[in-house]
Amino acid sequence: MTRTVRPALLLSLLLPLAAAAQQGAQITPNYKDADLGQVIEAVSQVTGRNFIVDPRVRAQVTMLSNTPMSPAAFYEAFLAILQVHGFVAVPSGNVIKILPDATARTLPAVDLPERVSSTSDEIVTQVVQVRNVSAAQLVPILRPLIPQYGHLAAYPGANMLILSDRAANVNRMMRIIGRIDQSGDGEIEVLRLEHATAAEIVRVVNALSTATGAEAAASGARLVADDRTNSVLISGEGSQRLRLRTLVTHLDTPLEAGGDTQVRYLRYADAEKIAGKLKEQVQGTVAATPGQASAAADRGVTIWAEPQTNALVVTAPPKTMRSLMQVVDRLDIRRAQVLVEALIVEVSADATADLGVNWIVDGSGDNFLVGMFNQPVGGVSLADVAKAIDDPSSVQTEPTGLTLGGARVQDHGTNFAAILRALRGDGNTNIVSVPSIITMDNEEAQIKVAQEVPFVTGQFTSTGASQGQLNPFQTIQREEVGTILKITPQITADDTILVKIEQEASSLAADSRGAVDLITNKRTISTRVLVDDGGMIVLGGLISDALQESEQRVPGLGRIPLLGELFRVRSTRKIKTNLLVFIRPRVLRDAEAAAIETNTKYNFIRGQQQQRNQGRVQLLPGAQQPLLPPLVGPTAPSAPGEAAAPAGPDE
């Protein structure tokens with residue numbers, strides 16, 4: 001049965017211990033469920049130390065001892081009691097602070113001691129210099145060994161570790177760091193290859209290491225190729241380096257036959273173009289290093305292309321062969337493609353209004369009264385009307401607008417004729433054209449959706465050899481009228497596209513009648529712009545608002561109110577044009593992106609066909625309108641007598 005020691009009784013037991021300790025004798029302290037504050041008081045009396053106790057330091061402690069101990073050992077046991085109960089003793093000058101260990105790392109303690117005790121529980125801060133490994137890499141490894149109130153951090157600039165914890169644990173961590181921070185035999189060896197290519201050797205050996213699995217990864221051995229010197233760098237332990245060095249040396253042997261000739265099948269580049277460039281490369285290298293050796297090397301190099309298989313056949317010494325193959329590796333790559341969509345938007349409004357009166361009075365037979373006001377209104381005058389009455393075949397088009405008129409034609413008296421014309425015209429244009437084209441990076445591409453329109457450039461008449469016969473003829477030149485898009489995209493490293501673009505949109509004017517008087521409306525943009533991938537940019541355009549007003553009148557009479565309308569013709573025209581051209585490029589870096597874009601356009605045009613092909617073909621029973629096959633699944637069989645539709649890209 002356990003009994004609690006009363007404070008008075010405990011104090012009576014501690015006083016003899018303190019007196020004995022002051023005389024240098026051994027003490028045997030025993031506490032059972034004693035108050036920590038009373039134990040601190042006893043330690044102060046035994047060791048002669050001064051303590052400042054935080055109000056949060058409260059606990060019931062038990063310490064059982066069967067052997068006597070010195071005051072220093074008693075103090076170490078006291079520190080152990082504090083650690084067990086979550087407290088710490090922090091020296092501060094001539095006093096010692098007793099605090100909760102949660103705040104211990106923020107207070108000065110025993111900083112940077114020359115020797116860290118392996119048994120003490122006092123708070124110690126130490127800086128450890130790491131020499132052979134990275135201090136930052138040790139932090140996540142050692143962090144689980146530090147309690148929450150401790151501190152562990154790395155200073156990468158000097159490759160140091162900062163530790164703050166109890167002395168025993170700091171001593172333990174320093175031993176662990178010293179064991180890890182040892183310079184092993186992980187040196188680096190450089191093997192200069194004579195026959196094989198360093199990059200190819202590294203690829204083969206790394207593929208073997210990957211196949212062996214975790215065992216190869218745990219070994220820590222690494223191979224790196226240096227293309228400039230055609231060397232292989234090997235790092236790792238001595239046994240691993242020996243194994244890899246033996247393997248690389250075995251692979252770096254000359255081939256038994258055909259070692260100086262290689263056939264390289266190209267995947268993306270043109271073999272004929274690459275062959276010419278490689279010949280220039282060899283000739284330029286020889287010219288830069290004159291001498292008999294260079295001339296002999298030049299004579300020993302032959303490069304030719306096989307267009308049927310798109311292959312290069314190269315015969316060269318090993319060093320030259322490696323250099324040429326490295327150039328081919330850099331050139332024979334899949335190039336990104338660019339989809340460029342141009343948006344040509346034109347919104348225009350044209351409003352015209354004509355109002356006027358034409359009249360003529362003839363009284364010369366009786367009273368000599370003659371007068372006339374004849375001015376075309378909307379392209380029609382009183383003279384045109386009189387001509388049409390006299391000769392109906394001269395009328396090419398019927399007059400538009402409102403035309404009111406009257407006349408008196410007799411043999412005597414005053415004759416007259418008058419017309420009133422009023423004409424209002426409104427025209428609106430809304431045109432959206434979206435030509436698109438796909439091309440490879442740095443390749444020019446062009447799309448034309450145009451008609452070849454004839455233009456008369458000359459007329460000649462020649463006299464025949466017999467009976468003065470005349471042979472008239474004309475010279476005609478055909479010009480393309482429509483939409484023409486020419487682009488050259490260049491993809492930069494930050495996914496910005498430099499586009500050189502030439503855009504032309506042309507059309508025939510509405511009032512053109514024949515090859516002689518053809519009038520074309522042409523809109524051309526030629527520029528270079530920078531656009532982000534998938535972004536849109538305006539290339540340019542025209543925004544105009546024009547107002548034209550004209551008035552023809554008889555001087556003086558035309559300004560009379562109301563009556564002046566008989567002597568005046570007015571015409572007003574307002575033209576407002578909004579024309580803008582945009583482009584939107586997108587980079588298609590792989591086959592998947594190109595397939596997605598193709599499928600989207602394919603399904604769009606197929607959907608348009610399905611909307612139009614709801615009904616049957618008129619007058620041809622059983623016939624079906626053509627329709628693109630679906631991309632997914634087999635194509636449906638064609639109807640009898642119907643031409644099969646072209647297969648889709650995925651079929």
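This structure is a prediction, so every number in the text was calculated from the model and none was measured.
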Donor-acceptor under 3.5 Å (Thr62 side chain, Asp33 main chain): yes
Short side-chain to backbone donor-acceptor contact, Asp332 and Ala269, under 3.5 Å: yes
Return the minimal non-hydrogen interatomic distance between His151 and Ile146, and the atom names on each side. N-CG2, 3.8 Å
Holding to salt bridge (charged side-chain N to carboxylate O under 4.0 Å, His left out), I want the full list of residues that pass it with Arg56, two or more places apart in sequence or in another chain. Asp54
Check this for me: Gln137, atom CD, are more than 12 non-hydrogen atoms of other residues, nucleotides or ligands nearer than 6.0 Å? no
Value rounded to 0.5 Å, distance of CD1 in Ile201 from CG in Leu191: 10.5 Å
For Asn169 and Arg172, what are the C-alpha separation, side-chain angles and deciding distance, and is it a side chain to side chain donor-acceptor pair (under 3.5 Å)? CA-CA 5 Å; Asn169 197 37; Arg172 170 197 177 203; 3.2 Å; yes
Could you tell me whether the side chain of Leu339 reaches within less than 4.5 Å of the side chain of Ser436, counting heavy atoms only? yes
Report the distance from atom OG1 of Thr488 to atom CZ of Arg528, rounding to the nearest 0.5 Å. 8.5 Å
Where at least one partner belongs to residues 33-85, residue pairs that pass ring pair (Phe, Tyr, Trp, His ring centres under 6.0 Å), sequence neighbours excluded: Phe51-Phe78
Leu99 CG to Phe87 CZ distance, which is reported to the nearest 0.5 Å: 10.0 Å
Can you sort out the partners of Thr67 under side-chain hydrogen bond (donor to acceptor under 3.5 Å, both in side chains), two or more places apart, ordered by chain and number? none
Whether the side chain of Arg58 engages the backbone of Asp35 through a donor-acceptor N/O pair (distance < 3.5 Å, no angle test) should be reported. no
Between Gln129 and Asp181 the two heavy atoms that sit nearest each other are O-OD2, 4.0 Å
Go through it in stages, so that I can follow the logic: the residues are Arg166 and Ile123, the test is side-chain contact (heavy atoms from CB on, under 4.5 Å), and I'd like the CA-CA distance, side-chain angles, deciding distance and then a yes or no. CA-CA 4 Å; Arg166 298 185 185 273; Ile123 296 297; 3.9 Å; yes
For the pair Met63 and Ile81, evaluate side-chain contact (heavy atoms from CB on, under 4.5 Å) and give the outcome as yes or no after the intermediate values. CA-CA 8 Å; Met63 178 181 177; Ile81 291 175; 3.7 Å; yes
Given 3.5 Å as the limit, does a donor-acceptor pair link the side chain of Asn159 with the main chain of Ala135, or not? yes
Please examine the side chains of Leu247 and Leu208, heavy atoms only from C-beta on, and report whether any two atoms are closer than 4.5 Å. yes
Less than 4.5 Å apart, side chain to side chain, heavy atoms only: is that true for Met69 and Thr28? no
Would you say Val170 and Ser164 make side-chain contact, with heavy atoms under 4.5 Å? no
Tyr155 OH: over 12 foreign heavy atoms closer than 6.0 Å: no
Does some side-chain heavy atom of Val116 sit less than 4.5 Å from a side-chain heavy atom of Met174? yes
Any chance you could measure Leu161, atom CG, to Ile177, atom CD1, to the nearest 0.5 Å? 5.0 Å
On a heavy-atom basis, the closest approach of Pro585 and Gly535 is CD-O, 3.4 Å
Step by step, work out the side-chain contact (heavy atoms from CB on, under 4.5 Å) result for Ser117 and Asn171. CA-CA 7 Å; Ser117 174; Asn171 183 276; over 6 Å; no
Any chance you could measure Lys500, atom NZ, to Thr527, atom OG1, to the nearest 0.5 Å? 11.0 Å
Tell me the closest heavy-atom pair linking Met440 and Pro489, and the distance in Å. O-CG, 4.0 Å
Min side-chain heavy-atom separation Lys277-Leu331 under 4.5 Å: no
Any donor-acceptor pair under 3.5 Å linking the side chain of Thr600 with the backbone of Ile596? yes
Which heavy atom in Ile583 sits nearest to a heavy atom in Leu539, and how many Å separate them? CG2-CD1, 3.4 Å
Cationic N near anionic O, under 4.0 Å, Arg264 to Asp329: yes
Paired with Val531, the side-chain contact (heavy atoms from CB on, under 4.5 Å) test is passed by just one of Leu498, Ile537, Thr496, namely Ile537
Under a 4.5 Å cut-off applied to non-hydrogen side-chain atoms, are Asp533 and Arg586 in contact? yes
Step through the shown structure and confirm whether more than 12 heavy atoms of other residues, nucleotides or ligands are within 6.0 Å of CG on Asp590. yes
Just do the side-chain contact (heavy atoms from CB on, under 4.5 Å) check on Leu251 and Glu200 with the steps written out, would you? CA-CA 10 Å; Leu251 295 176; Glu200 184 67 17; over 6 Å; no
Atom of Ala271, atom of Leu266 and distance for their closest heavy-atom approach: CA-CD1, 3.6 Å
Where the side chain of Arg192 meets the backbone of Thr229, is there a donor-acceptor pair that is under 3.5 Å apart? yes
Give a yes or no on whether Arg335 atom CZ has more than 12 heavy-atom contacts from other residues, nucleotides or ligands under 6.0 Å away. yes
About how many Å separate CG of Asp252 and CG of Asn230, when rounded to the nearest 0.5 Å? 8.0 Å
Pairwise side-chain contact, Leu193 with Val248, heavy-atom cut-off 4.5 Å (strictly under): yes
